[in-house]
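Remarks on the structure that follows.
Not measured: the values here are computed from a predicted model.
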Amino acid sequence: MDSFIIAALALCSLTAPAYGDKGTSKARSCSDIRQFYGVKGFSLEGVPQSEISGEHLRICPQGYTCCTSDMEDNLAMLGRRDLEGQLKELGRSMQVSLTGHYKAFDGYFLELLNRSAINLQDSFTSTWGSLYTQNSQIFSDLYTDLTRYYRGSNVNLEEVLNEFWSRLLEKLFYQANKQYFIGEDYLECVSKHIETIDPFGSTPRLMKIVVTQTFVAARSYVQGLVVGGEVIRKVSQVPLSQECMRAMMRMTYCPHCRGMASAKPCANYCSNVLKGCLANQADLNPEWRHLADTLMQVADRFGSQSTVENVVLSMPLRISEAMGNMIDNIDTINSKLFQACGNLREGGTSSTGLGETLNRGKITVEDKLGGTSSKMKKMMSDVTSRLQDLKSYWVFLPSFVCQNRVSSEIGAEDKCWNGMSRARYLPEVMGDGLASQINNPEVEIDITKPDMTIRQQIMQLKIMTHRLKNALIGRDVDFQDTSDDSSGSGSGGCTDDVCPRSPHLTITDQPMVYPKLPENKKVKASAQQNLPSVTIYLLSLLILLLRR
């Protein structure tokens with residue numbers, strides 16, 4: 001009998017649970033979590049002074065604890081708000097970056113258009129004299145329509161250019177034949193034959209190609225940056241699921257409830273929690289990368305060939321050369337038009353209005369404000385570098401969230417919090433995306449029910465990438481008219497007056513390396529969370545034996 005009692009007592013001592021970080025058979029004080037809980041803004045009413053039995057807990061391990069059910073609920077909500085806030089802050093940092101690139105390009109492109117318009121006005125006033133000043137509205141309308149198109153208005157670029165050359169032909173023909181009476185019907189006939197008589201040489205065709213390619217690409221490029229910013233904004237506001245909230249509570253605040261405030265999560269444990277929480281966001285990755293790659297292709301074209309500057313700033317010279325071609329060949333052009341539209345009867349003024357112009361000599365139209373192709377090259381280099389960094393943002397998001405949360409000291413893999421206790425975390429790390437979470441041990445997810453907001457943003461990315469690819473080959477694309485927006489085409493940035501900036505994010509394509517896992521990958525931990533009940537059972541058995 002004595003030997004049996006001694007053996008039972010020895011067994012009880014071996015199975016006595018270790019409390020908190022230090023291990024003691026005496027209930028630990030809850031002073032640490034009381035202080036922590038109060039700092040977080042919660043009332044200390046009802047918070048235990050020392051550890052209590054944890055059968056009431058629904059999220060944390062049900063061992064001895066310093067947390068009540070209300071505390072568990074409050075801390076779970078706090079964890080959810082903290083994570084959602086962090087995701088919004090990270091997203092805002094990306095938005096600020098894309099908005100900065102958008103504003104830089106948008107401002108520079110509009111500057112180029114303004115410079116080109118000013119250059120045309122100054123040069124044409126001296127070169128063409130009254131022929132320009134009397135018809136300046138044609139040229140100002142061209143630049144207005146081009147600006148509206150770039151801004152996203154519902155403007156047909158080809159029609160704008162065709163209309164410009166037709167109106168210019170009518171005005172020049174009228175000025176060249178002022179000795180005749182020319183009615184509106186006759187001028188309409190003149191403009192209809194613009195292609196057959198080819199008054200401006202090859203300039204209209206060449207300008208249509210290069211202007212269309214440049215303006216379509218420029219508009220698509222800024223729209224791509226805007227769409228990227230809008231996708232980030234909307235996805236960053238997607239609320240986290242209840243299952244994610246529970247997983248974050250278990251990972252973040254359950255150690256405090258167990259008296260292990262200093263315990264940080266195991267790295268792979270944090271990865272599984274966040275990969276589960278952000279599974280839908282990770283599904284953005286393929287289309288996000290496609291958009292970034294296509295934007296970089298457009299940026300590379302702009303930066304390497306200085307296409308934007310060359311096309312926009314050379315417009316005055318090309319138009320002036322085309323006008324000169326018509327004036328030089330006015331007799332041949334008149335003959336063709338008289339044959340096509342009929343002879344004109346005299347009844348106008350005696351002067352042709354082109355006497356001075358016919359003897360004008362060489363046309364000189366220059367960009368008097370100087371070239372800045374290096375500015376575009378630098379701008380495109382910067383945006384390409386940034387887009388390269390952000391290509392993998394959605395799949396690296398769990399790493400961003402975990403980087404300051406996990407235990408990183410030497411030997412951390414054996415002393416980190418694994419969801420149950422301080423011990424090694426054994427389950428394998430899940431892959432990226434919703435479909436890869438079917439066996440996630442930390443976050444319960446129905447992979448058949450994707451988040452619809454995120455699916456809609458995936459579609460937006462596909463549509464925008466398709467438009468950009470069309471723009472790369474000079475094919476016009478349909479955009480929603482955004483000309484009424486205060487910024488022209490939207491900034492895709494923050495809605496706040498001031499966008500707070502997060503630390504700079506750097507993302508690379510190098511894969512994450514995880515430590516080699518043991519063969520038994522499904523064993524969650526080596527914690528002895530059920531030992532208290534075993535001890536109670538053995539003590540009861542010992543009392544019964546002593547009573548005999």
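Contact of the R233 side chain with the E230 side chain is registered, since non-hydrogen atoms from C-beta on lie closer than 4.5 Å.
No option in V395, L397, I458 other than V395 meets the side-chain contact (heavy atoms from CB on, under 4.5 Å) test with N285.
T65 places a side-chain N or O within donor-acceptor distance of the main-chain N or O of C257, the cut-off being under 3.5 Å. Judged by distance alone, with hydrogens and angles left aside, the side-chain atoms of R148 form no donor-acceptor pair with the main-chain N or O of V155 at under 3.5 Å. Although no hydrogens or angles enter the test, the distance criterion places a donor-acceptor pair under 3.5 Å between the side chain of N74 and the main chain of D70. The closest donor-acceptor contact from the side chain of W288 to the backbone of V231 lies at 3.5 Å or more, if one exists at all. Judged by distance alone, with hydrogens and angles left aside, the side-chain atoms of T465 form a donor-acceptor pair with the main-chain N or O of L461 at under 3.5 Å.
Smallest separation of non-hydrogen atoms from Q437 and G433: NE2-O, 3.0 Å.
Residues passing the salt bridge (charged side-chain N to carboxylate O under 4.0 Å, His left out) test with R246: none are found, sequence neighbours excluded. For R455, the salt bridge (charged side-chain N to carboxylate O under 4.0 Å, His left out) test picks out D283, with sequence neighbours left out.
The stretch residues 224-262 participates, sequence neighbours left out, in these ring pair (Phe, Tyr, Trp, His ring centres under 6.0 Å) pairs: F36-Y253, F36-H256. Evaluation of the disulfide bond (SG atoms under 2.5 Å apart) test over residues 415-471, restricted to residues two or more places apart or in two chains, returns C266-C416. The list of ring pair (Phe, Tyr, Trp, His ring centres under 6.0 Å) pairs with a residue in residues 74-97, not counting sequence neighbours, is empty.
In summary, R80 and E84 engage in a salt bridge, as defined by a charged side-chain N under 4.0 Å from a carboxylate O.
Side-chain atoms of Y221 and Q297 include no donor-acceptor pair closer than 3.5 Å. A donor atom on one side chain and an acceptor atom on the other are not found under 3.5 Å apart for Y393 and Q281.
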Anything under 3.5 Å between a donor and an acceptor, one on a side chain of residues 52-60, the other on a protein residue two or more places apart or in another chain? List them.
| residue | atom | partner | partner atom | Å |
| --- | --- | --- | --- | --- |
| S53 | OG | E55 | OE1 | 2.0 |
| S53 | OG | E55 | OE2 | 2.7 |
| H56 | ND1 | S53 | O | 3.3 |
| H56 | NE2 | C67 | O | 2.8 |
| R58 | NH2 | D73 | OD1 | 2.8 |
| R58 | NH2 | D73 | OD2 | 3.0 |

